[in-house]
Amino acid sequence: MEVAGKVVVVTGAASGIGCALASRFSELGAKVVISDVNSDGVALVASRLGALGVTTDVGDAAAVDALVAAATAEYGPVDIFCSNAGYSDPQTAGLTGSVEDYQRIVDVNLLAHVWAAKAVVPSMVERGGGYLLQTISSASLITGPSAPGYTLTKHGALGFAEWVTLNYGHLGVRVSCLCPNAVYTGMFGLEAGDISSTPPDMGALGEVMKSSDVANFTIDAMMTTEPFLVLPHTRVADSFLRKATNYDEWIAGTRRRLLKMRQEQ
Ligand SMILES: NC(=O)c1ccc[n+]([C@@H]2O[C@H](COP(=O)([O-])OP(=O)(O)OC[C@H]3O[C@@H](n4cnc5c(N)ncnc54)[C@H](O)[C@@H]3O)[C@@H](O)[C@H]2O)c1
């Protein structure tokens, strides 16, 4: 895939991985739209990159339609939509959390991918193709220490992405799912807009990547092999393979690892 001149929308672009993706697409000559629910962050990143900024809550289908309309009005039809916004939800850990807590994370981490696809795929098909990049998580492939709301929404997002690529791949719509393990971003307390500070040692979490490295890895993959799964941490592919080979053994081993992590906390 060529990136120069393409119209690229990135959600959750005020911080972390989204900010790094937007910065890299901009360096490569794309026309980038910065979108986030954090309007100050949108203004800051958009002015830094000379990009269009649109404040959007991706959990709201009408707002996602309005984002795509604004991008199209400014630059033309969307070529690449990076559905990246998301959050983790410690409030549902230990099977706690209210109905509203679960509904909100389903809206933002799962249904937002559906609203994005509904808003851009028909026009991509009409024009002979386009690209959806879904930032999901290793939690979609190999359940880890995250809370249940995060875990179930990331599994669902991967299932939806599989459905899109199976039904629209032959019409030119490419889909890649970015499934990283730990990345040093706002989720770990890093300031919005900082994409390249060196991560501290996070012990049992293992290698923690910088979001700039994750973005470079992802966009290189999109420009070359266009894989369905983008796995910047090699340990994720190893663990996914162990799970596929012997699910029960993988569950027993992961259960032991999670217990140990909790005891060390
Ligand atoms: N950091 C990690 O270790 C890690 C690992 C795997 C997957 N991810 C995924 O990467 C994506 C980006 O997260 P990050 O780590 O860069 O975190 P981050 O907190 O640095 O950035 C997330 C951005 O999404 C925005 N956002 C949250 N809710 C939104 C909404 N309703 N509408 C629009 N924007 C919203 C936030 O304002 C923030 O700017 C998420 O989907 C996350 O689940 C992160």
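Keep in mind it's a predicted model, so treat the numbers as computed, not measured. Both ligands and their constituent atoms are indexed starting at 1 by order of listing. Values below: all heavy atoms of this structure, side chains included; hydrogens, waters and symmetry mates excluded.
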Hey, does [X] sit under 4.0 Å from ligand 1 if you only count heavy atoms?
X	result
Pro180	yes
Met209	no
Thr56	yes
Ile136	yes
Ala182	yes
Asn181	yes

Look at [atom] and say which protein heavy atom is nearest, naming residue and atom and giving the distance to 0.1 Å.
atom	answer
atom 24 (O) of ligand 1	Gly12 CA, 3.4 Å
atom 32 (N) of ligand 1	Val58 N, 3.0 Å
atom 8 (N) of ligand 1	Tyr150 OH, 3.5 Å
atom 34 (N) of ligand 1	Val37 N, 3.3 Å
atom 17 (O) of ligand 1	Thr185 OG1, 3.4 Å
atom 22 (C) of ligand 1	Gly86 O, 3.8 Å
atom 31 (N) of ligand 1	Asp57 OD1, 3.0 Å
atom 11 (C) of ligand 1	Asn84 O, 3.1 Å

task: Answer yes or no: is there an ion pair linking Asp248 with Lys243, defined by an N-O contact shorter than 4.0 Å?
output: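 Judged by the 4.0 Å cut-off on N to carboxylate O distance, Asp248 and Lys243 do not form a salt bridge.
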query: Should the pair Glu2-Lys6 be classified as a salt bridge under the 4.0 Å nitrogen-to-oxygen rule?
result: no
Is [X] reaching over with its side chain to a backbone N or O of [Y], donor-acceptor style, under 3.5 angstrom?
X	Y	result
Ser47	Leu44	yes
His155	Leu141	no
Tyr131	Asp79	no
Thr165	Ala161	no
Asn167	Trp163	yes
Asp194	Ser196	yes

message: Between Ser123 and Arg127, do the side chains contain a donor N or O and an acceptor N or O under 3.5 Å apart?
response: yes
For ligand 1, which part of [X] has a heavy atom less than 4.0 Å away: the side chain, the backbone, both, or neither?
X	result
Asp107	neither
Arg104	side chain
Tyr184	neither
Val108	side chain

Contact (N/O only, under 3.5 Å) between [X] and ligand 1:
X	value
Phe188	no
Lys154	yes
Asp36	yes

Side-chain donor-acceptor pairs under 3.5 Å in residues 10-25, sequence neighbours left out?
from  : atom 1 : to    : atom 2 : distance (Å)
Thr11 : OG1    : Cys82 : O      : 3.4
Thr11 : OG1    : Asn84 : N      : 2.9
Thr11 : OG1    : Ala85 : N      : 3.0
Ser23 : OG     : Cys19 : O      : 2.7
Arg24 : NH1    : Glu27 : OE1    : 2.7

Could you tell me which atoms of ligand 1, counted from 1 in the order shown, lie closer than 4.0 angstrom to a heavy atom of [X]?
X	value
Ile17	10 (O), 16 (O), 44 (C)
Gly16	16 (O), 20 (O)
Ser137	6 (C), 7 (C)

query: Any idea which of Thr135, Asp60, Thr55 brings a heavy atom closest to atom 10 (O) of ligand 1?
result: Thr135
Selected option - heavy-atom contact closest to atom 20 (O) of ligand 1, from Ala192, Ser15, Ser146: Ser15
If you look at every heavy atom in [X] and [Y], which pair is closest and at what distance?
X	Y	result
Gly97	Tyr102	O-CE1, 4.1 Å
Val108	Gly86	CG1-CA, 4.2 Å
Val78	Met124	O-CE, 3.8 Å
His113	Thr135	CE1-O, 3.9 Å

Separation of Arg242 CZ from Thr254 OG1 (nearest 0.5 Å):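 If we round to the nearest 0.5 Å, Thr254:OG1 and Arg242:CZ are 7.5 Å apart.
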